[in-house]
Amino acid sequence: MKITRAEVEYVAHLARLEFSEDEKEKFTFQLNNILAYVDMLNQVDTTDIEPVSHAIALNNAFREDVVEDSLNPELSLANAPEARGPFFRVPKVIE
Amino acid sequence: MEYEPIIGLEVHAQLLTKSKIFCGCSTQFGVEPNSHTCPVCMGMPGVLPVLNKKVVEYTMKMALATHCRINEVCNFARKNYFYPDLPKGYQISQYASPLAEHGYVDIELNGGRKKIGITRIHMEEDAGKLLHDEHTPSSYVDMNRTGVPLIEIVSEPDMRSAEEATAYLKRLHEILVYLEICDGNMEEGSFRCDANVSIRLKGETAFGTRTELKNMNSFRNVQRALEYEIRRQEYLLASGGEVVQETKLWDDAQGATYSMRGKEEAHDYRYFPDPDLVPVVIDGRWIEEVRETLPELPLEKRERFIQEYQIPPYDAGVLTSSRVLADYFEEVAKLSGKPKAASNWIMGEILRFLNEEKRDITSCPILPQSLSELIQLIEDGTISGKMAKDIFEDMYTTGKGPQQIIEEKGLVQITDEEILKKAIEEVLAANPVQAEQYRGGKEKIFGYFVGQVMKVTRGKANPALVNDLLKKMLAGS
């Protein structure tokens, strides 16, 4: 077992997710299966191979510093669960 | 028991690009809320951030100016946390491989210079802005700042007093502004600073428990907050207590730091490489290209001014406090050929007039050419120092050159001995009693006669000539 139930609870908390006891059980089991599956990669010999962070060999994809049109503010706010005037409205966060 | 403070600073500087770091939205400050937003900076699903090349170049400039090593390959990472000003649920930053590492800046203290190490400089995106409602349990989010490019400059824990920390901060600020990559406005938040502070007994090598200070939006507040926090920790340890590792906010009005509530739990940012952004590879040629664009930096300029213009270190410090001011001085010094006079006029009159109106040198109504003419007019004796002060005021308020003002007001200095003799005779005739007193040994009264001659000539008499002639005539007749 790579993943304990406590870890599932911890990760769920970080992701602000709430699970029932049954779900916690289920996800612990499933996550362990997934990790065991991915573990198969360790069978590959990677000596002398540089680690990469991306699957494609591409570097330096840049854009020039040019201003483009932004969205119309109404459109920006269109999906907001709540808005007030030109702002998104959220439950108060204390500094 | 004597304690020693250990201070490290994390500085965030907004870069002066026109567009955001990963999208084409404008970075302009003070516009309608949420009007500079798009699917990329608002973190809509399926969008692809593309790195602004200028952000890399600006960061390289700062790296070179602070003697950092630029990494050949650097990557972006996701820093995961939830906060309403962060629409994606993660901030794109750099983690394992920042753009630059292992640099330093020199700070100047009373006792000489000190090197402050720079751990790393990395690129990242700014978060949005939150406004808190006083009356309802709501906060309002403005995403215009979301995605504005930032560099974070992390120092080594090399500072040993609030004074050193402030000197370091000022040095970074000065360099960023000289490089023209950050406007340095602390009040608007384009230059922000967090501090890590701990104390330990002098002679000890292990670090004590540190606290992190935030919310200090001026150099003065950084100094005050650090001084307060150092005293607080000293008191705690001296009275048998313990420092708790926590984040504290500086309260300017109270002059104290206080704990942030609700954020006690340790952060777990779960950094991982951002799959949307490919690695940035910087070769030697690119580094050299950027190096060639670097301006002369403040400290080097200061030293050159002292050498080249033979002005005191203090003057050089003031004159190089901004690049525009330094350029202004150099132009006047070169045109007039009188660097010390140029420095005196700029440090005295120009800065005083500008400060009174809260303006800076960029909006100075007197052009370097005009100031140098004024200096030359004093040098060649056309006008006296006193007349020059009056002319200067006119120049400042009207923007006219000194020659024009002199002509318009008929202000040329009287150097004609005959005219001056006549004026002196007039003064002596009108003041026989004082003349007797002078001849009787009361030499202090001499100044009175000079004043009278100046009055008669309406300030236009050449003071040196007046002195000479007066002495002769008082003694002679």
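Just so it is clear, the values below take in all heavy atoms, side chains as well, and ignore hydrogens, waters and symmetry mates. A, B, ... follow the sequence lines: proteins, then strands. Residue 1 opens every chain.
Looking only at side-chain heavy atoms (C-beta outward), B/Thr37 and A/Ser70 stay at 4.5 Å or farther from each other. The closest side-chain heavy-atom distance from A/Phe87 to B/Val141 is not below 4.5 Å. Residues B/Asp268 and A/Tyr10 have side chains in contact (heavy-atom distance under 4.5 Å, counting atoms from C-beta outward).
Residue B/Glu72 qualifies as open at atom CD: its count of foreign heavy atoms under 6.0 Å is 12 or below. For B/Lys129, the NZ atom sits in a loose shell: 12 or fewer heavy atoms of surrounding residues, nucleotides or ligands are nearer than 6.0 Å.
Chain A forms the most heavy-atom pairs under 4.5 Å with one residue out of B/His36, B/Lys214, B/Lys54, B/Lys18, and that residue is B/Lys18. Most heavy-atom pairs under 4.5 Å with chain A, from the set B/Asp133, B/Leu131, B/Val73: that is B/Asp133. Most heavy-atom pairs under 4.5 Å with chain A: of the set B/Ser26, B/Gly89, B/Cys41, B/Pro273, this distinction falls to B/Ser26. When each of B/Gly128, B/Cys38, B/Pro33 is scored by its heavy-atom pairs under 4.5 Å with chain A, the top score falls to B/Pro33.
With A/His54 contributing its side chain and B/Asp274 its backbone, the two residues share a donor-acceptor pair below 3.5 Å. Of the possible donor and acceptor atoms, one in the side chain of B/Ser139 sits under 3.5 Å from a partner among the backbone N and O of A/Val93.
With a 4.5 Å cut-off on non-hydrogen atoms, B/Asn52 touches chain A through its backbone and its side chain both. Residue B/Thr27 does not touch chain A at all, counting heavy-atom pairs closer than 4.5 Å.
Of the inter-residue distances, the one linking A/Leu14 atom CG with B/Phe82 atom CZ reads 8.5 Å to the nearest 0.5 angstrom.
For residues 74-86 of chain A, heavy-atom neighbours of chain B at less than 4.5 Å comprise A/Ser76, A/Leu77, A/Arg84, A/Pro86, sorted by residue number. Residues of residues 58-68 of chain A lying within less than 4.5 angstrom of chain B, judged on heavy atoms, are A/Leu58, A/Asn59, A/Asn60, A/Ala61, A/Phe62, A/Arg63, A/Glu64, A/Asp65, A/Val66, A/Val67, A/Glu68 in numerical order. Residues from residues 33-50 of chain A never place a non-hydrogen atom less than 4.5 Å from a non-hydrogen atom of chain B.
The minimum heavy-atom distance between A/Leu71 and B/Met42, with the atom names listed, is CD1-CE, 4.1 Å.
Considering only residues two or more places apart in sequence or on other chains, B/Phe272 meets the side-chain contact (heavy atoms from CB on, under 4.5 Å) condition with B/Arg78, B/Asn80, B/Pro275.
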